[in-house]
Amino acid sequence: MSVVPVLFSDAKTDHPAIAQWCSTILAGDTARLLLLGPHWSGKSHAAYAALRRLMAAGYREANITVHQAHDLGRTYEPSMIENTTAVTVIDDLTLSVDLVREATVSLKADSADVQAMMALEAGALADAVARLSLLPRRSWLLIASSIDRLVETVGQETAERLLAVAEQAELPPRPRPSVRW
């Protein structure tokens, strides 16, 4: 299975931060990028375009790992990060916080069991990102909606470390696609 889903198989971007991230990795150096922006700003598209650019330049797909944050929180084992490939992407890092903060209706409280499971998954995700941020010679691209929500997702200490070591790029909002039912 390809690291680039079919949905993004033709993804392209001319964003300078993506170009720099790719160039740095292809030169054999470590690159770290925090890609920020609201929903529908094209963050995932840009990230997969970056991976396509790396592979088109000869970078081996076997050296790339992509995680969807909601899956990583559910399946996480520390070895998944400690033994990760040279390039790691975590998509939708702040999604769980985004969904709560952007809800347009009152949310009903989940049962205690569900809340406990969600807390464990959130803790696992925060631990994964904290571990990734400490690994030497690892390149990564993290996709988040905003710095405030990043802090809420991974904690202040990890967020500060990410901001200290990563380049940041913010994508502007785009019009949402029309949905026809």
Side-chain angles (χ1 to χ4, degrees), residues 1-37 41-96 121-145 147 149-151 153-155 157-171:
M1 185 168 136
S2 173
V3 296
V4 178
V6 173
L7 177 64
F8 299 105
S9 62
D10 62 349
K12 293 180 177 148
T13 184
D14 59 359
H15 197 287
I18 294 294
Q20 181 60 49
W21 186 78
C22 291
S23 295
T24 302
I25 292 169
L26 292 170
D29 292 326
T30 301
R32 294 164 177 169
L33 179 61
L34 184 56
L35 196 53
L36 304 166
S41 61
K43 298 180 303 292
S44 295
H45 181 96
Y48 287 112
L51 297 181
R52 288 188 68 236
R53 185 179 291 188
L54 288 177
M55 291 185 295
Y59 198 84
R60 293 184 50 232
E61 186 173 344
N63 292 330
I64 300 170
T65 301
V66 177
H67 296 286
Q68 295 297 318
H70 62 276
D71 292 334
L72 182 58
R74 291 181 181 126
T75 62
Y76 176 67
E77 295 287 333
S79 63
M80 294 170 69
I81 297 299
E82 292 165 353
N83 301 318
T84 194
T85 55
V87 173
T88 300
V89 174
I90 301 180
D91 195 1
D92 287 332
L93 182 57
T94 56
L95 181 63
S96 61
E121 290 173 2
L125 182 59
D127 185 71
V129 173
R131 286 176 189 270
L132 182 62
S133 73
L134 294 169
L135 290 176
R137 302 277 315 140
R138 294 297 198 291
S139 293
W140 42 258
L141 193 157
L142 304 179
I143 301 168
S145 58
I147 292 173
R149 292 186 182 167
L150 178 69
V151 170
T153 301
V154 301
E157 183 179 331
T158 298
E160 287 175 0
R161 186 169 42 254
L162 294 172
L163 294 169
V165 301
E167 297 295 321
Q168 297 168 45
E170 185 145 0
L171 299 180

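Side-chain atoms are counted along with the backbone in the values below, which use heavy atoms only and exclude waters and symmetry mates. We number each residue from 1, following the sequence as shown.
Contact record, Glu170 with His15: O-NE2, 4.4 Å, taken as the closest heavy-atom pair. Of all non-hydrogen atoms in Ser145 and Thr94, the two that sit nearest each other are N-OG1, 2.9 Å. Nearest heavy-atom pair, Ser44 versus Asp92, reported as atom, atom and distance to 0.1 Å: OG-OD1, 4.4 Å. Residue Ala124 comes nearest to Gly73 through the heavy atom pair CB-O, 3.6 Å, listed as atom of the first residue, atom of the second, then distance. The minimum heavy-atom distance between Ala47 and Leu35, with the atom names listed, is N-CD2, 4.2 Å. Across every non-hydrogen atom of Thr158 and Ala130, the tightest pair is OG1-CB, 3.4 Å.
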Step-by-step side chain to side chain contact (heavy atoms under 4.5 Å, CB included) determination, Ile81 to Leu132: CA-CA 6 Å; Ile81 297 299; Leu132 182 62; 3.9 Å; yes
Candidate pair Leu135 and Trp140, rule side chain to side chain contact (heavy atoms under 4.5 Å, CB included), full reasoning: CA-CA 10 Å; Leu135 290 176; Trp140 42 258; over 6 Å; no
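In this structure a side-chain-to-backbone donor-acceptor pair under 3.5 Å is present from Arg52 to Ala11. In this structure a side-chain-to-backbone donor-acceptor pair under 3.5 Å is present from Lys43 to Gly37. With hydrogens and angles disregarded, no donor-acceptor distance shorter than 3.5 Å links the side chain of His67 to the backbone of Asp91.
A side chain to side chain contact (heavy atoms under 4.5 Å, CB included) with Val129 is found for exactly one of Thr153, Leu162, Leu134, Leu72, namely Leu162.
A distance of 12.5 Å separates CZ in Arg138 from OG in Ser133, rounded to the nearest 0.5 Å. Between atom CH2 of residue Trp21 and atom CG of residue Asp29 there is a gap of 13.5 Å, rounded to the nearest 0.5 Å. With rounding to the nearest 0.5 angstrom, the OG1 atom of Thr65 is 10.0 Å from the CD1 atom of Ile90. Note that CZ of Arg53 and CG of Asp14 are 8.0 Å apart. Values are rounded to the nearest 0.5 Å. Atom CD of Glu167 sits about 11.5 Å away from atom CD1 of Ile18, to the nearest 0.5 Å. Here CD of Glu61 is found 11.0 Å from CG of Leu54. Values are rounded to the nearest 0.5 Å.
Side chains of Tyr48 and Val89 form no contact here, defined as non-hydrogen atoms less than 4.5 Å apart. Counting only heavy atoms from C-beta outward, the side chains of Leu125 and Leu93 approach each other to under 4.5 Å. Side-chain contact between Leu51 and Tyr59 is absent, with no heavy-atom pair separated by less than 4.5 Å. Inter-residue side-chain proximity for Leu33 and Leu141 is flagged as met; some heavy-atom pair is nearer than 4.5 Å.
Residue Gln168 qualifies as enclosed at atom CD: its count of foreign heavy atoms under 6.0 Å is above 12.
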